[in-house]
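First the structure, in the form of structure tokens, and then the observations on it.
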Amino acid sequence: MQFTALLLLATSLTAVNACLYPRSTSQPSWSYTGATGPLKWHTLSPEFATCGTGSHQSPVDLTTSLSVAPAGTVVQHYPAHSDLKFFNNGHTVEAEPAAITTNSRVRRSRHTADKFTATIDGELHELLQFHFHTPSEHTLHGRSYPLEAHFVHRATSGPNNGSLAVVGVMFDIASPNARHAGMFHHLAPALREIPHKEDTTVVQSVELQSVLDNVAKHGLVRYSGSLTTPPCDEKVSWFVSEAPMAIDGADWQAFSDLLGFNSRFTQGPPGEGNLLEGECGEDED
């Protein structure tokens, strides 16, 4: 419950300034708090307008009103372990297959990029990257979790070629004796190596099998939503695991120390009016 309270507090803080600033005509910087936070994204640039007008915005609360994808709808063809490059983009940490430099020679990771694919709704997708949010952006029956990972895919064939599909997995802090997601075991030291925007580091043999098992064995809540960051483009297919995984408290703390608060507030149910419509009236000339 404390993470849900944090989310509500951040939302209320940005609400104070929600209608005070005119729309910008340039591509601006954005953040998760204050005058450039989620309640203001739609006023920062015309390109961000969908953040305040779209009716299929993400994240949402995962309730029983949303459908659960049948088993086999999402099949991730990832290696069980992989060398990954972690990149601090200023808003989150992104991970993607790595190229390793050894003795002034660059070699491709032994787990090549063509292995990072997924079959989603029968169509082939490539993994573009995955990244993290603290706390979770989606909520599960009203409950927020300490961390959420988003695996972002792009269709490479079929009628939806080029469209995006995102697989979300939430994580809860568990006791030291619990079985934790193996992917985090070596990440805490690596995160300390990328404290600034555009910093990168490579972590070898990151364990991914536990995440693949979670997605394969548990229900995935599916809905048509959006990017959770500007420009908030819609027609993104979401598949979020109903079963949060376990993360050690120290590992979560490493993410929290680096990312701080980087979650968008929960949006309305898909297809309903945008929560921000009518809040600020018409912009002045």
Side-chain angles (χ1 to χ4, degrees), residues 27 29-32 38 41 58-59 76 78-79 81-101 106 108-109 111-118 125-138 146-156 163-171 181-208 210-212 215 225-233 236-241 245 247 251-252 254-264:
Q27 184 73 283
S29 61
W30 55 270
S31 71
Y32 287 98
W41 288 348
S58 298
Q76 293 166 294
Y78 303 175
H81 294 78
S82 180
D83 305 327
L84 298 175
K85 179 178 74 173
F86 289 83
F87 170 66
N88 183 339
N89 70 7
H91 298 294
T92 186
V93 170
E94 293 183 355
E96 60 183 32
I100 311 298
T101 302
V106 176
R108 187 67 177 169
S109 164
H111 311 292
T112 56
D114 61 2
K115 291 185 179 179
F116 283 80
T117 61
H125 290 64
E126 62 177 339
L127 177 71
L128 300 180
Q129 46 91 356
F130 64 91
H131 60 268
F132 303 91
H133 295 274
T134 57
S136 69
E137 295 202 298
H138 289 89
L147 181 73
E148 183 173 352
H150 292 162
F151 296 80
V152 183
H153 306 81
R154 180 173 58 203
T156 59
S163 64
L164 296 180
V166 184
V167 176
V169 180
M170 291 179 277
F171 298 85
M183 69 181 295
F184 297 113
H185 291 340
H186 304 296
L187 293 190
L191 294 178
R192 289 192 285 269
E193 297 177 6
I194 52 173
H196 304 113
K197 183 178 180 179
E198 298 187 1
D199 285 349
T200 63
T201 189
V202 171
V203 183
Q204 297 190 42
S205 196
V206 176
E207 191 271 346
L208 296 172
S210 57
V211 173
L212 303 183
V215 172
S226 73
L227 301 177
T228 66
T229 59
C232 307
D233 289 345
V236 175
S237 297
W238 278 94
F239 301 85
V240 186
S241 174
M245 299 182 67
I247 184 173
D251 291 335
W252 170 80
F255 276 95
S256 181
D257 289 344
L258 178 61
L259 301 180
F261 184 95
N262 72 332
S263 296
R264 189 187 191 191

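Worth knowing before you read on, the calculation uses all heavy atoms, side chains too, and leaves out hydrogens, waters and symmetry mates.
Note on ring orientation: taking the six-membered ring where Trp is involved, the planes of Phe151 and Tyr78 are tilted (angle from 30° to 60°). Ring geometry, His133 versus His150: the interplanar angle falls from 30° to 60°, so the pair is classed tilted.
Applying the side chain to side chain donor-acceptor pair (under 3.5 Å) criterion to Trp41, with sequence neighbours excluded, gives no partner residue.
Contact between Tyr32 and His91 at its shortest, heavy atoms only, is CE1-O, 4.2 Å. Across all their heavy atoms, Leu258 and Val93 have their closest contact at CD2-CG2, 3.3 Å. Listed here is the closest heavy atom pair of Ala155 and His125: N-CD2, 3.3 Å. In terms of heavy atoms, Asp83 sits closest to Ser205 at OD1-N, 2.9 Å. Across all non-hydrogen atoms, the minimal contact from Glu148 to Gly168 is OE2-CA, 4.4 Å. Pairing each heavy atom of Val215 with each of Val167, the nearest pair is CG2-CG1, 3.9 Å.
Counting only distance, with no hydrogens or angles, the side chain of Arg264 and the backbone of Ser58 share a donor-acceptor pair below 3.5 Å. The backbone N or O of Pro38 lies less than 3.5 Å from no partner atom in the side chain of Trp30, so there is not a single donor-acceptor pair. Asn262 places no side-chain N or O within 3.5 Å of a backbone atom of Thr92 that could act as its donor or acceptor partner. At least one donor-acceptor pair under 3.5 Å links the side chain of Thr134 to the backbone N or O of Gly260.
Here the NE2-CD distance, from His153 to Glu126, works out to 10.0 Å after rounding to the nearest 0.5 Å. Thr201 OG1 to Arg192 CZ: the interatomic distance, rounded to the nearest 0.5 Å, is 11.5 Å. The line from CD of Glu137 to OG1 of Thr229 is 8.0 Å long, rounded to the nearest 0.5 Å. Atom CG of residue Asp257 and atom CH2 of residue Trp252 lie 8.0 Å apart, to the nearest 0.5 angstrom. Distance check: Asn89 CG to Lys197 NZ gives 7.5 Å after rounding to the nearest 0.5 Å. Note: Leu84 CG to Glu207 CD = 11.0 Å, rounded to the nearest 0.5 Å.
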As a quick check of understanding, evaluate side chain to side chain contact (heavy atoms under 4.5 Å, CB included) for Phe184 and Met245, giving each step before the final call. CA-CA 11 Å; Phe184 297 113; Met245 299 182 67; over 6 Å; no

Take Arg154 and Thr156 through the side chain to side chain contact (heavy atoms under 4.5 Å, CB included) test and state the conclusion after the steps. CA-CA 6 Å; Arg154 180 173 58 203; Thr156 59; 5.6 Å; no

Would Asp251 and Leu187 count as a side chain to side chain contact (heavy atoms under 4.5 Å, CB included) if you check the C-alpha gap in whole Å, the side-chain angles of each, and the deciding distance to 0.1 Å? CA-CA 8 Å; Asp251 291 335; Leu187 293 190; over 6 Å; no

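Residue Phe255 is tested with Phe132, Phe86, Phe171 for a ring pair (Phe, Tyr, Trp, His ring centres under 6.0 Å); the sole match is Phe132.
By the 4.5 Å heavy-atom criterion applied to side chains, Phe87 and Gln129 are not counted as neighbours. Side chains of Trp238 and Ser226 form no contact here, defined as non-hydrogen atoms less than 4.5 Å apart. Looking at heavy atoms from C-beta onward, Leu127 lies out of side-chain contact with Glu96 at the 4.5 angstrom threshold. For the pair Leu227/Leu164, a side-chain contact is recorded, criterion being any heavy-atom separation below 4.5 Å from C-beta on.
With no hydrogens or angles considered, no side-chain donor-acceptor pair links Glu198 and His196 at under 3.5 Å.
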